[in-house]
2 protein chains.
Amino acid sequence: MVTTDFVKPKILVVDDEPDAVDLIAFNLKAAGFRVTAAPDGEVALKKARQESPDLIVLDLMLPEVDGLEVCKILRRDTATAGIPIVMLTARAEEVDRVLGLELGADDYITKPFSPRELVLRIKNLLRRRHGGEGGDPDRLQIDELVIDVPRHLVTVAGRAVELTATEFRLLSVLAQRRGRVQSRDQLLRDVWDYDSLIDTRTVDTHIRRLREKLGKAARFLDTVRGVGYRFAES
Amino acid sequence: MVTTDFVKPKILVVDDEPDAVDLIAFNLKAAGFRVTAAPDGEVALKKARQESPDLIVLDLMLPEVDGLEVCKILRRDTATAGIPIVMLTARAEEVDRVLGLELGADDYITKPFSPRELVLRIKNLLRRRHGGEGGDPDRLQIDELVIDVPRHLVTVAGRAVELTATEFRLLSVLAQRRGRVQSRDQLLRDVWDYDSLIDTRTVDTHIRRLREKLGKAARFLDTVRGVGYRFAES
DNA sequence: GTGCTTTGTTGCGAACTTGTCACCTTTCCG
DNA sequence: CGGAAAGGTGACAAGTTCGCAACAAAGCAC
């Protein structure tokens, strides 16, 4: 539990009612997710870009910029385009309207909803994303590369690869955010410590070491010039 | 019991006395097993590899290659290493000698034995091996290492190992989470008390003591550098 | 009490990890 | 093309981790 914190899916909850946020956050945490919250669209967009959450729960009704707009912007921005979005709507008939707009949220749920249902839908979306149908969420499998977090084990085409603790964490974080670019700063925050004073070039060194050890599977580690690194979509 | 033959467990009986083989085979078949037999070590090894039986009943006294030798070879060969072995010995005192050799048969039974007892032991071993359905959940068996939690008893290849209370708890916790890395903090919480103020290095010391006492079975205690310890998957 | 076992702590050294730097190579762009 | 910026690479020194042994304290039987 403690050792695997860094791969717990991180979920951004966007809602302007603190009570709703609390309720959702409580249930999500109980289900083993990390939670971060935003009260309005502006903060939501900022956090989505900076913290690179694995999924966003987005209330349709928001002050200032409304949920629809936020959704659209998130989809347009490459840094956040891939993140699944679950829309919260107050009334059922709104769903139809929203669907008609085709703005590409991945699921919809109407208030009031049972926390259990929300958790189920979130798990579903995350599972779908990780390709592992019905698979263990702690185990990432991308073609010949398998990352087993609780076991702290990585294999490439069935062959075990020996990674150090840092390398393992770096690979896990990248793999978990497959397809999304992670800036060096973002990686330093998530793989190293919260406010690490480490040089960003250090990330490059670790990427190099990972590539060396991963052999064939190194092809997954894309460099995005001027931005950061990305775990290849496939 | 079982309707389709191919799911009946197949048992290889190795004994040089045809009468003994007949007796055993008769009783095993009556109990719903398929039986194949070998009169000596050489044939036994060949059949073990080719027919991949679910369990082997092995007489200690054999012409040419003796039972001990056969047992050792079976254990070393990856194709047969996982097959449970029940050793037949002519006299009770031989059991001690055999145990001393630590060659990892899974059970021992002395001649003369009641067929019913043999069948019981075989069923036990098979049950335990198959993911422990209906098996004793308080008893962990990993190859030659047996941890009997309620009895506070640990044996390696049939030989009892004397562990202190702390050592026993540590081993049990690790074994129960086989394959998953446990951080030192996690272990301190689970093996020691909830909010123990004990130094994490203490865990190392206990691991060392465990390894010392477990002898051959120490190979199960993996160190995962920078993370913690893990009970090896196999 | 005395002697024995258990258990937590400490110090040492070897092996491993890891952040940084200097130096290349590649890419970008006018 | 030429220069600048970004990223790859190898080396290295400082830091960390872990096994081990010795020690000290606590518990326990007699």
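Numbered from 1 within each chain, the chains take letters A, B, ... in sequence-line order.
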*Do B/Glu233 and B/Asp222 come within less than 4.5 Å of each other through their side chains, counting heavy atoms only?*
no
_Upstream residue (5' side of DNA chain C) when B/Thr164 and A/Glu167 are each assigned their closest nucleotide_ = B/Thr164
*Rounded to the nearest angstrom, tell me the gap between atom CZ in B/Arg230 and atom P in D/dC18.*
13 Å
*asked:* Could you check whether the side chain of A/Arg208 and the base of D/dG10 have a donor-acceptor pair of N or O atoms closer than 3.5 Å, going by distance alone?
replied: yes
*Spacing between A/Tyr229 atom OH and D/dG7 atom C1', to the nearest angstrom*: 6 Å
*Taking only the side-chain nitrogens and oxygens of B/His206, find out if one of them lies under 4.0 Å from OP1 or OP2 of C/dG8.*
yes
_B/Val224 vs A/Val227, nearer the 5' end of DNA chain D by closest nucleotide_ = A/Val227
*Donor-acceptor pair, B/Arg230 side chain versus A/Arg151 backbone, under 3.5 Å?*
yes
*Given A/Phe231 and A/Leu140, is the side-chain contact (heavy atoms from CB on, under 4.5 Å) satisfied, shown in steps?*
CA-CA 12 Å; A/Phe231 196 102; A/Leu140 305 169; over 6 Å; no
_Close side-chain approach of B/Thr202 and B/His206, heavy atoms under 4.5 Å_ = yes
*asked:* Taking the basic N atoms (NZ, or NE/NH1/NH2) and the acidic carboxylate oxygens, is any pair closer than 4.0 Å for A/Asp54 and A/Arg180?
replied: yes
*Find the bend of the helix from C/dG1-D/dC30 to C/dG30-D/dC1 as the angle between its two terminal axes (five pairs each), to the nearest 10°.*
30°
*Take the protein atom CD1 of B/Ile207 and the nucleotide atom P of C/dG8, then report the distance between them rounded to whole Å.*
13 Å
*Has the side chain of A/Lys10 got a donor or acceptor atom that lies under 3.5 Å from a matching backbone atom of A/Ser52?*
no
_Distance in angstrom units between B/Arg184 CZ and D/dC18 C1', rounded_ = 7 Å
*Starting from P on C/dG8, measure out to CG on B/Leu187 and report it in whole angstrom.*
13 Å
*What integer distance in Å separates A/Asp204:CG from C/dC21:C1'?*
13 Å
*Please say which of B/Arg169, B/Arg177, B/Gln182 ends up in a side chain to side chain donor-acceptor pair (under 3.5 Å) with B/Asp190.*
B/Arg177
*Side chain of A/Thr202 - closest among D/dG10, C/dT7, C/dT20*: C/dT20
_Whole angstroms only, please: what is the CG-P distance between A/Leu163 and C/dT18?_
10 Å
*Could you pick out which residue, A/Thr205 or A/Gly226, lies toward the 5' side of DNA chain D when each is mapped onto its nearest nucleotide?*
A/Gly226
*asked:* Once rounded to the nearest 0.5 Å, what's the spacing between atom CG of B/Leu170 and atom CZ of B/Phe168?
replied: 11.0 Å
*asked:* With a 3.5 Å cut-off and heavy atoms only, can you find an N or O donor on one side and an acceptor on the other between the side chain of A/Arg209 and the base of D/dG10?
replied: no
_Just the rounded figure in Å: distance from C1' of C/dT17 to CD1 of A/Ile198._
12 Å
_N-O pairing of A/Glu162 and B/Arg225 below 4.0 Å_ = no
*Nearest to the side chain of B/Thr223, which nucleotide is it out of D/dG8, D/dC18, C/dT20?*
D/dC18
*Go along nucleotides 22-30 of chain C 5' to 3' and tag each nucleotide: B for a protein heavy atom under 4.0 Å from its base, S when only backbone or sugar atoms are that close, - otherwise.*
----BB---
*Do you know the tightest heavy-atom contact between B/Thr155 and B/Ala160?*
CG2-CA, 3.8 Å
*Any side-chain N or O of B/Trp192 under 4.0 Å from OP1/OP2 of C/dG8?*
yes
